[in-house]
Amino acid sequence: MGTILWFKRDLRIEDNAALALAAAGEGPVLPLYIVEPALWAEPDMSARQWRFIAECLEGLRGDLARLGAPLLVRMGDAVEVLEDLRVTQHITRLTSHEETGNLWTFARDRRVAAWARANGVAWQEVAQPGITRGLAHRRGWQARRDKAMRGALAAVPAGLAPHGLEPGVLPDASDLGLAFDPCPGRQKGGRARALDLQSAFLERRAAGYLSGMSSPLTAGTACSRLSPHLALGTLSMREAVQALEWARAGAGPNRGLRGYGSRLAWRDHFMQKLESQPEIETRCLHPAYESLRPEVPDADRLAAWQAGETGLPFVDACMRQLIHTGWINFRMRAMLMAVASYHLWLDWRVTGQHLARLFTDYEPGIHWPQAQMQSGVTGMNTPRIYNPVKQGLDQDPDGRFVRHWVPELRPVPDAHLHAPWDWAGAGRFLGRAYPAPVVDPVKAAQAARAKVWAVRGQEGFRDTRDGLLARHAAPRPNAVKTPRSTPRQLSFPV
């Protein structure tokens, strides 16, 4: 008799309730991570994501080895891997955390559940603190989430019995058939790096959080940069919240720390949306928007947006930073999605998959509700159409960010940098050294606004919207007063 401890998006031994539950049972514990080639063939997955995970797994393997049972890494279909271990190691129990992942992992977990029932394996799934499976409405959700965050951290077991099995090798991205994806500025994975980032942020960098998170010039240091670690679970949300509360207790009034806490709460708010309605990944939250945009996107516009070659300087600079680093601040993520959806009139599912591949910190529970929100298809949120020129002037007034990431624009005078088509020299420059804009940003925004708002006037629209609000809406958690110019719906860049 033995227990498989299946790690998914909880790559740590600290505050790991599934580990504590497995260790409390009878028989040996087999810590397991399954590398699933079919998952990595999905259109929202990328090599940069795998390399970050591999670094996290290296750290987890070392931590488990110190407990006595190194992490097993097996590559293949989850059901086949689990069945092989069941037969050869006499497994009777499977323990894991509940996972709020993409639709592929949702379907895989259903297959695993069927396998467990058919073979007499008791699968115990531990809820993630703050996320409630099977939730039909949000009444009382915030209070339950906050109570869960105050709960005691799951204890690390004193040790695990050696299992004597070959740990297995961590495959390379090429072994998974992933496309070349260098991402030279990518963050590195592993719990040690998560703890270093958290300490540096809470002790020093949080003071500049609220003032610095909106501009890509300052957000890299103003934000905690913990998002990939929270997404893969090298740090638990409960650990993050409790570390924040310790810091707030010792720091006195601190708007930066308070603002960070509200964004952590917003993170769980969006995670709960996908947990409650997994089809958000592929279907418009409000069905009236399903046929709004062409199902097959304009290939030229899509390619220009993906490459950072739209001819809209600030948009292109943001996309190029994301390509290079795997991260950009939340307001700029929202702008990239909004420009693609409104100005370029591209379907959010296609552009959302591309951004997901670029994000090292891809978290489906945040990404897909936000992709819909920034595309105006939720029916619950006011459509917000960014002016990419104004965003550039507001967030990069002296052009340092644009000139760094779009060096082709260095000959353009400062006064025209964010709208080079207005420059007297544009005729001999645009279309040669730098693309002419693929759309007129003002006219494209006007056309998009008219189409999106027209849907809201359809019969029955409000009745469906009210049902969605009852299911998904929650009071703004731990509200922080922000300048009126800061869009409320975009204000949680961890």
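We use all heavy atoms of the structure for the numbers below, so side chains are in, but hydrogens, waters and symmetry mates are not.
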Discussion item. Show, in sequence, the C-alpha distance, side-chain angles and deciding distance for L21 and L5, and conclude whether the side chain to side chain contact (heavy atoms under 4.5 Å, CB included) test is met.
Written reply: CA-CA 9 Å; L21 179 63; L5 170 60; over 6 Å; no
Item to complete: Please test Q198 against S224 for side chain to side chain contact (heavy atoms under 4.5 Å, CB included), starting from the C-alpha separation and ending with a verdict.
Response: CA-CA 7 Å; Q198 179 173 255; S224 75; over 6 Å; no
Worksheet item: Where do E309 and R320 land on the salt bridge (Lys or Arg N to Asp or Glu O under 4.0 Å) test, with the steps shown first?
Response: CA-CA 9 Å; E309 297 281 351; R320 294 184 194 188; 3.3 Å; yes
Fill in: Chi angles and distances behind the side chain to side chain contact (heavy atoms under 4.5 Å, CB included) call for T3, T92
CA-CA 6 Å; T3 299; T92 57; 5.7 Å; no
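Under the 4.0 Å criterion applied to side-chain N and carboxylate O atoms, D268 and K273 are not assigned as salt-bridge partners. Of the charged side-chain nitrogens involved, none lies within less than 4.0 Å of a carboxylate oxygen, so that R349 and E281 do not count as a salt-bridged pair. Taking a cutoff of 4.0 Å between a charged side-chain nitrogen and a carboxylate oxygen, E239 and R191 qualify as a salt bridge. Between D361 and R333 there is a salt bridge, since at least one side-chain N of the basic residue sits less than 4.0 Å from a carboxylate O of the acidic one. Salt bridge R267/E363: present, at least one basic N to carboxylate O contact under 4.0 Å. Checked for salt-bridge contact, E55 and R186 meet the test: a charged N lies under 4.0 Å from a carboxylate O. Ion pairing between a basic and an acidic side chain is recognised when a charged N comes within 4.0 Å of a carboxylate O; R108 and D77 show no such pairing. Taking the charged nitrogens against the carboxylate oxygens, R193 and D196 have no contact shorter than 4.0 Å, which rules out a salt bridge. The pair E83-R86 meets the salt-bridge criterion, with a side-chain N (NZ, NE, NH1 or NH2) lying under 4.0 Å from an Asp/Glu carboxylate O. Taking a cutoff of 4.0 Å between a charged side-chain nitrogen and a carboxylate oxygen, R111 and E80 do not qualify as a salt bridge.
Side chain of Q372 to main chain of L285: a donor-acceptor pair is present (N/O by atom type, distance under 3.5 Å, no hydrogens or angles). Distance alone, capped at 3.5 Å, places no donor-acceptor pair between the R9 side chain and the L232 backbone. Judged by distance alone, the side chain of Q277 and the main-chain N or O of L274 form no donor-acceptor pair under 3.5 Å. Side-chain N or O atoms of R263 include one that pairs as donor or acceptor with a backbone N or O of G259 at under 3.5 Å. Counting only distance, with no hydrogens or angles, the side chain of H367 and the backbone of G352 share a donor-acceptor pair below 3.5 Å. Checked by atom type and distance alone, the side chain of R205 pairs as donor or acceptor with a backbone atom of L197 at under 3.5 Å. The main-chain N or O of T132 is never found under 3.5 Å from a side-chain atom of W141 such that the two would form a donor-acceptor pair. S341 places no side-chain N or O within donor-acceptor distance of the main-chain N or O of S375, the cut-off being under 3.5 Å. The main-chain N or O of R61 is never found under 3.5 Å from a side-chain atom of D63 such that the two would form a donor-acceptor pair. Judged by distance alone, with hydrogens and angles left aside, the side-chain atoms of N119 form no donor-acceptor pair with the main-chain N or O of A116 at under 3.5 Å.
Relative ring orientation between F314 and F401 is described as perpendicular, the plane-to-plane angle rising above 60° on a 0-90° scale split at 30° and 60°. Taking the six-membered ring for Trp and thresholds of 30 and 60 degrees, W123 and W6 have ring planes inclined between 30 and 60 degrees apart.
Taking CG from N16 and CG from L153, the interatomic distance works out to 11.5 Å, rounded to the nearest 0.5 Å. For the atom pair D172 CG and R51 CZ, the distance stands at 8.0 Å (nearest 0.5 Å). Summarising the geometry, atom CH2 belonging to W305 is positioned 6.5 Å from atom CG belonging to L336; distances are rounded to the nearest 0.5 Å.
In terms of heavy atoms, W327 sits closest to S227 at NE1-OG, 3.7 Å. Between A206 and L257, the shortest heavy-atom distance links the atoms CB-CD2, 3.5 Å. Residues F52 and Q187 approach most closely at CD1-O, 3.5 Å, considering heavy atoms. The nearest pair of heavy atoms linking A38 to W104 is CB-CZ2, 3.5 Å. Across every non-hydrogen atom of A222 and G208, the tightest pair is CB-O, 3.4 Å. Closest approach of T100 to E275, counting heavy atoms only: OG1-OE1, 2.6 Å.
For the residue pair Q124 and R93, a side-chain donor N or O sits within less than 3.5 Å of a side-chain acceptor on the partner. For the 3.5 Å distance criterion, the side chains of R138 and H269 qualify, holding a donor opposite an acceptor.
Within 6.0 Å of atom CZ in R133, more than 12 heavy atoms from other residues, nucleotides or ligands are found, so the atom counts as buried in its surroundings.
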